[in-house]
Amino acid sequence: MSGKKEDFVPLVPEQVRMYVCGITAYDVCHLGHARSAIVFDIIKRYLRYKGLKVTHVRNITDIDDKIINRAAKENVSYDVIAKKYTEEYYRDMNMLGVSRADLEPNATDHIKEMIETIKGLIDKGYAYPVNGDVYFEVSKFSGYGKLSKKNVDDLMSGARVEVDERKRSPLDFALWKSSKEGEPWWESPWGKGRPGWHIECTAMSSKYLGESFDIHGGGADLIFPHHENEIAQSEAYTGKPFVKYWMHNGFITVAKEKMSKSLGNFFTIKDILEKYEPEVVRYFLLSTHYRSPIEFSDAQLTESELSIDRYYSTVTRIKDFLETAGAAEKPGTSADLEKLLSAFKDKFHHTMNDDFNTASALGFIFELIREANRFLDSKPSGQKAKELVIKTGELLAEIGGVMNIFNKTPEEWYRSLMKVKKLEFSEESLLLKIAERQEARKQKDWAKADTIRKELEAKGIILEDKKDGTTWKVKAG
RNA sequence: GGCGACGUACCCAAGUGGCAAGGGAGAGGUCUGCAAAACCUUUAUUCAGCGGUUCGAAUCCGCUCGUCGCCUCCA
């Protein structure tokens, strides 16, 4: 609310109540929806990792003008549209590794609660009914504009506020809308109608999290008017502070412009996942701080893919080392690695505690990767070396686990890459080729060995000759 | 017009008062049959520009320029 970073102190010690605006189920999701979902998923995971008890609510708007329009266009009932795109949403989210919220309420299951809230607002003089509609009277709520830092006079003078004769002021917004012919409706004290958009979040958040709670999140485009209106409704109704900490993720841009439905410059999650591994998308979205804009491009996603590949290459090295390391105690150059290992968690916690700086956290991971590689390059062996390497692997897995990335085996990663890059041959035929080449190498028939290697490379497979055999991987990038 | 955010190397990006993380790309090297991977060296005496505060500024303040966002549905 201050517009600045603040120390996080939950209202109830050790417990975090968090409400995040989900989607309106009227169309397939684009990458912008993915960003919001992933950002708040990580925030939840990190808070839990730190031992806090988190209750996470994420709503789904299943009644709204856009849904009604879409339904009319497709000549089906509104709930068919809502159901269809809710399912699509969950499919996308599953693919992206976004965990489910603890509660995922639908607007239409909470009509009763909304009507109660609206009634209360009328009773308290903050809202007025007009011909079956109910409006919130903004001028009655003195704090209006405190989140979006707008003042009522400026808004009034703005020519873009739509004029509606029935409203007392152009700034007033609908709590309840009377239904027109053929539209879905619910019975209410003001006649047949449906709820306005903002009221569902007020009614559902207070039902599941209480009148005051800790974190409310969503995309930055929801700040005004949605979240501003939520504050007005909620605080007018309860007389209590609504939300302690507001968190808003930045936009995804395409050619510097906000990716959005109305501009038509959006990429759907489905389309992106046709070309990129889900982990790549996740990594990409975490590689910039959540509040900053992030430019979407193939080059960016390709870079993310290369970064992840570097990670899995090192995991492979770690595995190889643990399988083959000798027993003789050879310390190698372990000093830097040991130093980094002992400082690593503190560094990670520190940067994540500072407003969830995942980009910085990823940087630390690659520092550790480099030190681990350096250590392995120094050809260590023996029990102590193994322990260091095991510790490294565990730390990487732990931190990756919090961000829900880096949680595959290298084999799974390369198989997944193979699929997404649509490489058209089987692992068996690949192994056959490798065996054939191995034979050639034994005969020192380098020409043949190189031909096979080049042939595979042209198809997107990289071979790596190691002491005790040849391994394959999919060419990243 | 009002309000707000941002501008860090060739590209992406962290850093909000004490010697500029990390990734990609480029160049050179070590290793290798040759590669790949990895590692090493190298690429910002400088953080859009100008001025101020300070022992000290990418970081705080002011102005200028540039980009974007919100003010209407939006993640």
Side-chain angles (χ1 to χ4, degrees), chain A residues 3 5 20-24 26 29-40 64-66 69 145 148-151 153-162 197 217-226 228 248-253 256-263 266 283-284 287-289 291-295 297 299-300 302-311 313-314 316-317 347 351 354 357-378 441 444-447 449-450 453-454 457 462-467 470-473 475 477:
Chain A
K5 282 195 266 192
V20 181
C21 287
I23 54 146
T24 298
Y26 77 105
C29 291
H30 65 218
L31 196 60
H33 300 99
R35 184 175 197 192
S36 175
I38 287 173
V39 160
F40 289 100
D64 163 274
D65 289 353
K66 292 195 290 287
N69 292 341
S148 54
K149 311 241 181 328
K150 297 184 185 308
N151 74 62
D153 295 339
D154 289 344
L155 287 168
M156 285 294 280
S157 64
R160 301 174 70 187
V161 178
E162 128 198 27
W197 175 34
D221 43 7
L222 298 181
I223 294 172
F224 191 92
H226 185 51
E228 199 65 70
H248 293 99
N249 61 274
F251 301 126
I252 294 181
T253 58
K256 296 254 180 172
E257 274 187 324
K258 177 186 171 187
M259 181 185 287
S260 76
K261 268 294 170 44
S262 34
L263 286 171
F266 60 90
Y283 181 96
F284 165 67
S287 65
T288 299
H289 186 92
R291 276 187 279 107
S292 304
I294 182 170
E295 172 77 9
S297 70
Q300 290 290 88
T302 300
E303 267 197 28
S304 296
E305 187 174 292
L306 285 166
S307 298
I308 296 172
D309 196 62
R310 178 167 161 77
Y311 178 91
S313 294
T314 303
T316 302
R317 278 195 86 180
K347 284 171 78 170
T351 203
D354 186 8
N357 196 335
T358 53
S360 160
L362 290 173
F364 294 152
I365 285 183
F366 285 100
E367 260 177 47
L368 181 54
I369 293 267
R370 193 186 59 228
E371 283 311 327
N373 276 317
R374 281 181 55 174
F375 178 58
L376 292 171
D377 276 358
S378 72
R441 292 185 71 215
K444 298 210 191 296
D445 185 352
W446 305 126
D450 290 353
R453 187 170 60 200
K454 273 193 190 127
E457 191 181 348
I462 300 284
L463 296 186
E464 294 191 2
D465 294 330
K466 298 175 185 174
K467 250 193 207 122
T470 298
T471 56
W472 64 273
K473 62 181 199 176
K475 191 176 191 319

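These values consider heavy atoms only, across backbone and side chains, with no hydrogens, waters or symmetry-generated copies. Throughout, a chain's letter reflects where its sequence line sits, starting with A, and its residues are numbered from 1. Please read all numbers here as calculations on a predicted model, not as lab measurements.
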Whether the side chain of Asp450(A) and the base of rG33(B) hold a donor-acceptor pair under 3.5 Å is what I'd like checked.
yes

Decide yes or no, distance alone: a donor-acceptor N/O pair under 3.5 angstrom between the base of rA35(B) and the side-chain of Arg453(A).
yes

Between [N] and [X], is there an OP1 or OP2 to side-chain N/O distance shorter than 4.0 Å?
X         : N       : value
Arg370(A) : rC39(B) : no
Lys258(A) : rC70(B) : yes
Asn151(A) : rC3(B)  : no
Asn357(A) : rA14(B) : no
Trp446(A) : rA35(B) : no

Could you tell me the separation between the [atom1] atom of [X] and the [atom2] atom of [N], rounded to a whole number of Å?
X         : N       : atom1 : atom2 : result
Glu228(A) : rG2(B)  : CD    : P     : 20 Å
His33(A)  : rA75(B) : NE2   : C1'   : 5 Å
Arg374(A) : rU41(B) : CZ    : C1'   : 13 Å
Leu362(A) : rG23(B) : CG    : P     : 11 Å
Asp65(A)  : rC73(B) : CG    : P     : 10 Å
Ile294(A) : rA14(B) : CD1   : P     : 9 Å
Glu257(A) : rC6(B)  : CD    : C1'   : 16 Å
Lys149(A) : rA5(B)  : NZ    : P     : 9 Å

Pairing partner (Watson-Crick or G-U wobble, both distances under 3.5 angstrom) of [N]:
N       : result
rU53(B) : none
rA20(B) : none
rU59(B) : none
rA35(B) : none
rA14(B) : none
rC68(B) : rG4(B)
rA75(B) : none
rG28(B) : rC40(B)

Roughly how far apart, to the nearest Å, are [N] and [M] at atom [atom1]?
N       : M       : atom1 : answer
rU46(B) : rG2(B)  : C1'   : 36 Å
rG49(B) : rC11(B) : C1'   : 23 Å
rG24(B) : rC31(B) : C1'   : 23 Å
rU59(B) : rC50(B) : P     : 12 Å
rC12(B) : rA48(B) : P     : 14 Å
rC74(B) : rA36(B) : C1'   : 47 Å
rG18(B) : rA13(B) : P     : 24 Å
rA14(B) : rC6(B)  : C1'   : 15 Å

Among [options], which nucleotide has an atom closest to any side-chain atom of [X]?
X         : options                   : result
Asn249(A) : rU16(B), rA75(B), rC39(B) : rA75(B)
Lys150(A) : rC70(B), rC39(B), rA35(B) : rC70(B)
Leu155(A) : rG2(B), rC71(B), rC39(B)  : rC71(B)
Ser262(A) : rC73(B), rG23(B), rA38(B) : rC73(B)

Would you list the protein and nucleotides 24-26 of chain B atom pairs, both N or O, that sit under 3.5 Å from each other?
none

Nearest-0.5 Å distance, CZ of residue Arg441(A) to CH2 of residue Trp446(A):
5.5 Å

Gap separating the CG atom of Asn249(A) from the OG1 atom of Thr288(A), nearest 0.5 angstrom
12.5 Å

I'd like to check the side chain to side chain donor-acceptor pair (under 3.5 Å) partners of [X]; sequence neighbours left out, ordered by chain and number.
X         : result
Ser313(A) : Lys473(A)
Lys347(A) : Glu367(A)
Ser307(A) : none

Does Ser36(A) use its side chain to pair, donor to acceptor, with the backbone of Gly32(A) at less than 3.5 Å?
no

Which is true for [X] with a 4.0 Å heavy-atom rule: it touches a base, it touches only sugar-phosphate, or it touches nothing?
X         : value
Glu367(A) : sugar-phosphate
Lys466(A) : nothing
His289(A) : sugar-phosphate
Phe364(A) : nothing
Ile223(A) : nothing
Gly477(A) : nothing
Lys261(A) : nothing
Gly363(A) : base

Who passes ring pair (Phe, Tyr, Trp, His ring centres under 6.0 Å) against His226(A), sequence neighbours left out?
Trp197(A), His198(A)

My understanding is that only residues two or more places apart in sequence, or in another chain, count here; which of them pass side chain to side chain contact (heavy atoms under 4.5 Å, CB included) with Asn69(A)?
none

Would you name the heavy atoms of Tyr283(A) and Phe366(A) that are closest together and state the gap between them?
OH-CE1, 3.2 Å

Write down the atom of Lys466(A), the atom of Thr316(A), and the distance for their closest heavy-atom approach.
NZ-CG2, 3.9 Å

Upstream residue (5' side of RNA chain B) when Lys473(A) and Ser360(A) are each assigned their closest nucleotide:
Ser360(A)

State whether the number of non-hydrogen atoms from other residues, nucleotides or ligands found under 6.0 Å of Lys149(A) atom NZ is greater than 12.
yes

